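Being a predicted model, the structure only gives us computed values, none of them experimental. If you read the sequence from its start, that first residue is 1, and numbering goes on from there.
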Amino acid sequence: MKRAWRRLGGLGLLLLAWVLAQQFSPPPDFGQWEAVRQRAHAQCQGYLSQGGGQGIQGYFACLQQAAFQLCPGGMPFQGPTDPMSYAACNAAATAGYPYPGKPVLTGPSYRVEVVGGVERERDPRTNQVIQERPVTPRLLFTLERTPQGTYRGVTYGQNGQPLSYYFVTPACELLTANNQPAWDGILCPLNPRKPYLVTPLPSPIPGMPPNPRFFQAGRLQDDFDGDGVVEEGYLATGGSGGRSFTSGWAEAWGYDPRTARLKFWYSMAARESQSAATTYNMERLLLLRVR
């Protein structure tokens, strides 16, 4: 009887995993502030058509100016406003939209696997490794081309269970429920070859919209995976500080310069403060394989 219950329980878990895999995971949006994002982009997208670094810098500067004009409280004569509302509006206006890309996904399917890697904890003051543990190989996500020409992605958990699905364009741009590109997809299997990528960063404050995170394209001079090859890829960094703490973070996606296939995903976060409980230096490297 116990064995039968175990079998039924196993079937139940498989069924639950199947159900979860059928749940659409739409890209995050800005809710009532999404219209502000659209207006700001409409005002500034002409800079992107200029191409080159100067056009992109002009686009970002224009978005900042649009946020100043469109968000209540941004200009003195607009009067006071709720700080949280202003922060949400500003994030929406400065997020922009993905740079117009060319199709890079042309195959019928892609499978991205974690084949190794390491997680490390370092001493924030000396940078010496305190502890290190290897990353367990697993399936990260898959992409399957649909009859409509888009790609259906499925993400997988640590034990190989499907978690949710989403859709991207052949240029690796996340699609809304209305089939509109909203963000660049995280970890495109092939180098999207854009001058920048914009992805959503969930807000730590419940109920608040995401913040845009911009990745700059280039040659990654830091040898994150230690193989001696200078990869092409995308890098985002940031940090903040106060009277009692300093913090910083970095995230990089590396692509093989010969094949343009995704090669690794590196991330780190560090914080140094007066309290040992809130002081840390963590990093993770995932070595990836695209099939």
Side-chain angles (χ1 to χ4, degrees), residues 28 53 56-57 59-61 63-64 67 83-84 86-88 90-96 99 114 116-135 140 183-188 192 194-206 208-255 262-288:
I56 293 170
Q57 291 175 7
Y59 177 67
F60 290 144
L63 292 178
Q64 293 287 344
M84 300 290 280
Y86 176 73
N90 187 73
T94 57
Y99 185 87
V114 177
V118 65
E119 293 180 343
R120 296 189 185 97
E121 180 181 359
R122 296 180 180 271
D123 186 303
R125 295 173 176 84
T126 67
N127 207 39
Q128 295 296 312
V129 177
I130 299 175
Q131 61 177 341
E132 181 176 294
R133 53 185 177 274
V135 172
L140 191 61
W183 305 91
D184 287 296
I186 297 176
L187 301 176
C188 184
K194 293 187 177 188
Y196 73 86
L197 301 177
V198 56
T199 66
L201 179 65
S203 172
I205 304 175
M208 287 292 288
N211 288 303
R213 175 177 284 190
F214 293 95
F215 288 78
Q216 297 300 317
R219 293 169 64 84
L220 302 177
Q221 300 300 327
D222 290 331
D223 192 9
F224 294 107
D225 58 352
D227 65 354
V229 176
V230 178
E231 287 88 5
E232 298 175 351
Y234 299 86
L235 175 67
T237 60
S240 61
R243 287 168 34 176
S244 60
F245 78 96
T246 56
S247 65
W249 58 268
E251 187 172 348
W253 310 334
Y255 290 86
L262 185 61
K263 193 174 178 183
F264 67 78
W265 179 12
Y266 173 84
S267 59
M268 67 81 64
R271 189 179 194 274
E272 187 172 352
S273 69
Q274 298 175 351
S275 171
T278 57
T279 296
Y280 56 84
N281 185 343
M282 310 292 292
E283 65 178 342
R284 182 178 67 168
L285 171 68
L286 299 184
L287 300 176
L288 305 173

Counting C-beta onward and ignoring hydrogens, is there a side-chain heavy-atom pair between [X] and [Y] closer than 4.5 Å?
X	Y	value
M268	N281	yes
V114	L287	no
D184	P192	no

For E132, check side chain to side chain contact (heavy atoms under 4.5 Å, CB included) against everything at least two apart and list the hits.
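Once residues adjacent in sequence are excluded, the partners of E132 under the side chain to side chain contact (heavy atoms under 4.5 Å, CB included) criterion are V118, R120, V129.
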Applying side chain to side chain contact (heavy atoms under 4.5 Å, CB included), can you list everything that pairs with P212, at least two apart in sequence or on another chain?
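P212 satisfies side chain to side chain contact (heavy atoms under 4.5 Å, CB included) with A91, T94, A95, W183, V198, F214 once adjacent residues are dropped.
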Between [X] and [Y], which heavy-atom pair has the shortest distance, and what is it?
X	Y	result
A252	L235	CB-CD1, 3.9 Å
G254	L220	CA-CD1, 3.9 Å
L201	R213	CD1-NH2, 3.3 Å
P124	T279	CG-CG2, 3.3 Å

With salt bridge (Lys or Arg N to Asp or Glu O under 4.0 Å) as the rule and sequence neighbours excluded, what pairs involving residues 215-230 come up?
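Qualifying pairs: D225-K263, D227-K263.
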Nearest 0.5 angstrom please: [X] [atom1] to [Y] [atom2], how far?
X	Y	atom1	atom2	value
L285	F224	CG	CZ	9.5 Å
S267	W253	OG	CH2	11.5 Å
E231	Y266	CD	OH	13.5 Å
E283	N127	CD	CG	7.5 Å
L262	C188	CG	SG	8.0 Å

Under the side-chain hydrogen bond (donor to acceptor under 3.5 Å, both in side chains) test, residues paired with [X] that sit two or more places apart:
X	answer
Y59	H41
Y255	none
Q131	E121
Q216	none

Under 6.0 Å between the ring centres of Y234 and F215?
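Y234 vs F215: aromatic centres not under 6.0 Å.
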